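Every heavy atom of this structure was used, including side-chain atoms; hydrogens, water molecules and symmetry mates were not. Protein chains get the first letters and strands the later ones, always in sequence-line order, with residue 1 at the start of each. Note that the coordinates shown come from a computational prediction; the quantities given were computed from them, not determined experimentally.
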Amino acid sequence: MKKIICFFLFLFFLLLCCECADQSKFKLCSQSTFCENNREIRKNGSGPRFSFVPSSAKVDENKNLFQIDLLRSDEVEPRLFVEISSVIPGVVRVKINEKDPDLNRYEVEGVLLTENFNYQNAEIVSQNEELILLRFGSEKEKHADVKLVYGSSWKIEILNSGGEPIMVLNNDSLFNFEMDKKDFLLNKQKEKEKEAEAKNSDNEKEKEEEEEEEKNQEDDQPNYEERFGGNTDSRPYGPSSVALDVIFPDTEHIYGLPEHSTKLSLEDTEEGEPFRLYNVDILEYETESRMSLYGSIPVIISKPNNQKTLHGIFWFNPSDTWIDISTQETQTKKKLFGKNSRVSKRAHWMSETGVIDLFIMTGQEGKMYQVFEMYDTLTGFPYFPPSFSVAYHQCRWSYKTQKEIQNLNEKFDEYDIPVDVFWMDIDHTDGKKYFTFDSRTYPDPKQLSKTVSDKGRKLVAIVDPHIKKENSWELYKEAQSNDYFIKKSDRKTDYEGHCWPGTSKWPDFLNQKVIEWWGSRFSYDKYEGSTSNMHIWNDMNEPAIFNGPEMSIPRDTIHLGEIEHRNIHNSYGFFVTKGTFEGLIKRNQDQNERPFILTRSFFAGSQRYSTIWTGDNMANWDQLKYTESMLLSLGLAGAPLSGEDAGGFLNNPDEELFARWFQTSAFHPFFRSHSHTDTKRREPWVFGDPYTSIIRESVKIRYSLLPFYYTQFYKASTKGKPIMRPLWLVFPEDANALNEEVENFSYMISSSMLVSPISEKNQISKDVYLPKGCWYDFHTLEKINSKGATYKIDAPLEKIPIFYRGGKIVPRKMRVRRSSHLMQNDPITLFVFLDENKKSSGSIFIDDGHSYDFKNSNKYIHQKISFQNNKLFTKTLNSNYDPALIERILIFGLEQTPKNIMDNNNQDLIFNVDESIDMITIKKPNLSIGHDWQILIQ
Amino acid sequence: MVKFCFLIEIFLFILLIKNQELTIGIDPKDSQHYLPKKTFNCLDGNGEIPYSYINDDYCDCLDGSDEPGTNACSNGKFFCHNEGLDPKKIPSSRVNDGYCDCCSGEDEYNSGVECINTCSSEHLIKKTKNEKKEKLRKKGSNKREQMINEIDDLFLNIDEEIEKSEGKLEIQKMKKEKLKQRKTQILVYKKQLPKLIENYCNLLLNKTKIKKIEKKNTCLLKKKDLLNCKNDLEMLIKSKFDDPKRSLKKIKKQFQEIGKKKKVIDQKLNRIKKIQDLDLGEHFEFSYWFEKCFEYNSDKYTYKFCPFDKVEQKEKKGKSFNLGKFKSKKWKTKKLSHRAKRWMLFDNGDRCNNGPKRSTKIKLLCGYSEKIVSIKETSTCVYEMRFQSPLMCF
């Protein structure tokens, strides 16, 4: 009877588990020992106090590293030290580590672009009983000042040029550096010594007893195991968490910490869960949640109040990380007028293990984008993917046969909808063995590749990092015989888990040999059926494991060099894309073709190898709404090449949602439709008109804007500027841009266009905030002279509010073809939008769209185009590529009817004027991008 | 003068050539609008432009009609003459894009791509394909005629059949009614019989009583005699006349028989009425599929398609799933022509795990034999089946 009851209870719990949301599979802070402990420290002020040891302060002259020891208040010998340096101008690195560790704390290599920094000159400017003032940079050009304050607890202030702190470390003494296991052993040692002294006995028997006791004590070691969701983490090294509070003085808005589906400005978390960064595979994630998602970038960007600059902090630690955000109000005495209290933000960082390694990026007043360039100098500028990837992508889980894709290749033409890429999800493989094709469903992938490439289109195939355990599979055997898989905590046997193919193993990407091996599998002779026309999608690289703790790999699994997985977790996906990227480069003999890679998991640095998408979203209005802030956040944290599954991966969107989704997705850097296998078909023609026409129009708009977008991709890869930007980034002086609605639900493309998506059902108009200046309606081309106000904009089903910004020139190609490749040689139309001073400017980048020739042999065109004093003129920065003909120039907002328009040869140009929208059209000016010219309007 | 004529000749010749170039991609139907004139009126009536603007690789007309031969207008159409095959119109964006869309290759006159003229070979392929198709159609069509001739009268004379059956049903009802009356009679008779017998016996005994009164032990006799009398009488009745029990039994049997007959007629009537609702085609030809099922074997499953009923999927060794109940067929009898696409829709089948209820779309094709040609799952639990039948050959 008991058994039966037990069985039913079991069933009941089983049911319970199925009923509650996915969330139960993932830890809350209270279920994570170190997070709970560090939060406890904050509540009780019970943490260990550390202070500087002033006598230990020194500057290593060769490397320009400043070092100082940290002493714990209850200890005599300092066990920690702080190292401060400036690795690039304006960037201060603060590192805290153990002085003389028994076991080195792991520091991940390969994430930063380089470990060999050109350290900036470090100098102690002043030193007294209270503080040390440290200066980096040359005398002419001081880059950053750092103030170390002694006190009972150490404190470090990073100062701006005015001497005001822009970030304060350990202001609230939340610094923690757990060395518990070592502490435990040390304490035991001390106790033993004391006992020995007390007894002061030479009796051998007693000695023996002591030895026995010792043994017992060893057995007494506390058990650090942590259980969660039926899994046990052995934690053999005990607690080793690191934590620190960082204050952003006089700052109301801080951003970053992707990936979370929250609003853009980081909200206070004291009341609930902290933001968590721990890469996991989470199905049906919710909006407004601070749970971790697929990727992590531990970067916070702060926007100090009333200043035109941004600062950033990069917490370089790939282990499980939680961040509590809070707001502090402090009274200031300085200001006699206006507010006498100021609002500051505090971030309390808590990581499971590793060292404290911070990069603080200090922006100068007036330079909003400097912080991005600094961050990318550290972790790499975004990669420059081939031009097809800027166009539209069609995906579904799965196009099950080669025929289906061939059919799509026809259907898109039949419905006259452009498309560049067809995607092959997991089912194209032979039994989910990646790097293979199922010969029954994809009998001739090379032929397929040719068929789509005849129309200028491409293929993308999925390659996940779980390797099917199948002894007869050559790839598995190769990895197995070379011992390439991650090990269990016993350090001997391979870790096995469950994923798409069934029992699988995971390559140890921490091993450089594994990265090389993985890359070598992309060579055309090894990856049978692959062609240069096929690019790669890395999914499930958190890594996702169906039966693993938190749907991932156990933390006590072992990488090369006996490194526990917990040390590197958030960077695993990054290393997968690194291997893929290097492999795709090497698969071509000339190593001159640019790869395209899409990844789900990511870390700081991922931007240099891959495009990111926001994972398994759902088809509902709420998710559509939060897509914008998710992508904006990624852009601010250095990953501008991102997008989402247009239409929502899970569940069935109704036709209105689907159409609305396409309208905004067409403006996101990465534009792909994707859907779950259990959902209804939703290729663009499924819903019929008017929806199909709306989708067609959205896609065609994107294609017409490709010259503009491609230029933005290029700029992102050289300057690190986000492509999608919150309004405040472009209009830092406009306080309204920080308004929640404006910040989250309108965005700029570069600084040239404003898009305000419709993300509510049945909404047919929207209040859109337009910062001060001229704006031109994208659809009607009518001008609005905004003083910085909200306008009610019509948004019937066919369109969403989109504006060109006055003062910007946008290059477009109005001859939209079935794929971007076929538009390569088409002529350009310049849209010149004048601002209130009748000025405008823009730029354009052109190259072959697929190779590294632009880099290796300077084969590209980069041209600036400006309008000023009734003159449109160019400045060519580089013109080493085929010029592109300009077929039409449209000038808006001149407010005068020209008598004539002449080129630099004094040739009259044909033009006409549409006075209703103040538009001048210059027909076939016989000019091209790549040559310098000017046009004069009289 | 000769010189002048010559010049004019050359001029006209150039004009002719130029004109040909100028008017590339024009639908012959519209060619009169493109005749050389001073100006050209955009076909939608919105705007007048110089004639030289036609096909000058710049879009002037809103409707794109000034650029029939280039890709300058995003909404233009290019006319492929496709000599030797059917002409067709393609979107302007496909002109000179490096991909041959017209079989003649005339769309790629300036892209550097050399198209092979495939019109005649395509024509041949198309011709043989059409011929084959036509042959099949004819063959199928003959079979269809034959099938139509063989159609059960039942389907042809539905109304009559209904009348007939309803008449039969009426007869049975009347029979039943009669039987009911008789049953009541018998029941009454059965109820009254013992009383009658007793009365009769009493009467009989009373008569003998007088005679026997003088005799001894009368009382005993009386009782015994009455009993004997009753028994004798009952026996007599049973042997000579209708025994009510037996009659009732007989009636019950008759009732059952009527019931059976009625049921058969009812069933038939229901079936006929269902047929009446179904719209089985002009010639009731689809009655062929009525109550019929077709099977198809794939690697894993056996599929069963019962045209006006359901679609089923059976695992080779295991469960079977309903892939949809008959919902509708997507054509109207009168509109049947041999080009129209014909579909049958089945929905509301068994629910999928996490998914929708299974549904199936059947595409009906012309073929000599009746069979399922293929089946595929277009998205999870949404199936598409192709079924061929001579009935689809017109």
Side-chain angles (χ1 to χ4, degrees), chain A residues 18 283-284 396-401 403-404 407 409 413-418 440-441 453-457 650-652 675-683 686 697 700-701 703-704 812-819 821-827 829 885 887-888 910 912 921-925, chain B residues 47-50 52-53 56-62 64 66-67 70-78 88-101 107-108 110-113 115 298-300 347 351-359 361 374 376-384:
Chain A
C18 299
L283 197 76
E284 300 187 336
R396 177 172 173 84
W397 172 24
S398 292
Y399 292 120
K400 287 192 176 125
T401 62
K403 240 182 166 175
E404 254 189 277
N407 190 34
N409 197 31
D413 287 351
E414 190 182 322
Y415 287 92
D416 193 21
I417 298 169
R440 285 166 304 174
T441 51
S453 80
D454 281 348
K455 289 181 179 174
R457 293 173 180 151
L650 293 143
N651 305 338
N652 294 308
S675 50
H676 190 279
T677 182
D678 284 343
T679 62
K680 288 181 196 158
R681 284 290 172 143
R682 56 168 98 143
E683 284 70 33
V686 170
E697 185 58 23
K700 284 191 169 181
I701 285 176
Y703 275 70
S704 73
R812 294 178 68 179
K813 281 187 177 174
M814 305 312 283
R815 307 180 183 197
V816 172
R817 314 261 197 176
R818 63 188 128 199
S819 75
H821 178 73
L822 303 181
M823 292 163 67
Q824 182 79 6
N825 299 320
D826 281 342
T829 296
L885 200 70
E887 67 167 325
R888 191 188 290 110
I910 302 167
N912 61 54
T921 308
I922 302 171
K923 173 177 173 172
K924 295 213 280 188
Chain B
E48 187 180 304
I49 56 168
S52 63
Y53 282 15
D56 69 340
D57 203 22
Y58 183 88
C59 194
D60 295 284
C61 293
L62 285 174
D66 62 315
E67 296 295 318
T70 75
N71 50 44
C73 295
S74 58
N75 54 347
K77 289 270 182 285
F78 179 90
K88 69 170 177 182
K89 278 184 177 181
I90 57 166
S92 287
S93 65
R94 293 177 197 173
V95 175
N96 289 326
D97 69 345
Y99 185 84
C100 308
D101 289 273
D107 57 320
E108 295 302 314
N110 193 23
S111 67
V113 170
C115 298
S298 76
D299 293 351
K300 282 191 202 158
D347 65 2
R351 188 174 284 286
C352 273
N353 285 343
N354 316 317
K357 284 185 173 175
R358 289 174 173 81
S359 63
K361 216 172 157 182
S374 67
K376 64 176 176 183
E377 197 175 356
T378 53
S379 62
T380 306
C381 296
V382 178
Y383 297 84
E384 202 178 298

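- Put simply, of Thr378(B), Val382(B), Thr380(B), Ile90(B), the one with the most heavy-atom pairs under 4.5 Å next to chain A is Thr380(B).
- Using a 4.0 Å cut-off between a side-chain N of Lys or Arg and a carboxylate O of Asp or Glu, Arg396(A) and Glu404(A) do not qualify as a salt bridge.
- Between Cys73(B) and Cys61(B) the SG-SG gap reaches or exceeds 2.5 angstrom.
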- Task: Test Asp101(B) against Lys455(A) for salt bridge (charged side-chain N to carboxylate O under 4.0 Å, His left out), laying out the working first.
- Result: CA-CA 11 Å; Asp101(B) 289 273; Lys455(A) 289 181 179 174; over 6 Å; no
- Would Glu887(A) and Arg815(A) satisfy salt bridge (charged side-chain N to carboxylate O under 4.0 Å, His left out), going step by step from the backbone distance to the final call? CA-CA 11 Å; Glu887(A) 67 167 325; Arg815(A) 307 180 183 197; 2.8 Å; yes
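- If you measure heavy-atom distances from Cys59(B) to chain A, the contacts under 4.5 Å come from both the backbone and the side chain.
- Chosen from Ser74(B), Ser93(B), Gly76(B), the residue pairing most often with chain A at heavy-atom distances under 4.5 Å is Ser93(B).
- Relative to the six-membered ring of Tyr58(B), Arg888(A) meets both conditions, a distance below 6.0 Å and an angle of at most 45° to the axis.
- Top candidate by heavy-atom pairs under 4.5 Å with chain B, chosen from Thr677(A), Thr679(A), Asn652(A), Asn825(A), is Thr677(A).
- Note that the CE atom of Met814(A) and the CG atom of Asp826(A) stand 12.0 Å from one another [nearest 0.5 Å].
- Contacts of Val95(B) with chain A are made by backbone atoms alone, with heavy-atom separations under 4.5 Å and no side-chain atom involved.
- Looking at Ile910(A), only its side chain comes within 4.5 Å of chain B, counting heavy atoms on both sides.
- Only the backbone of Asn96(B) has a heavy atom closer than 4.5 Å to any heavy atom of chain A.
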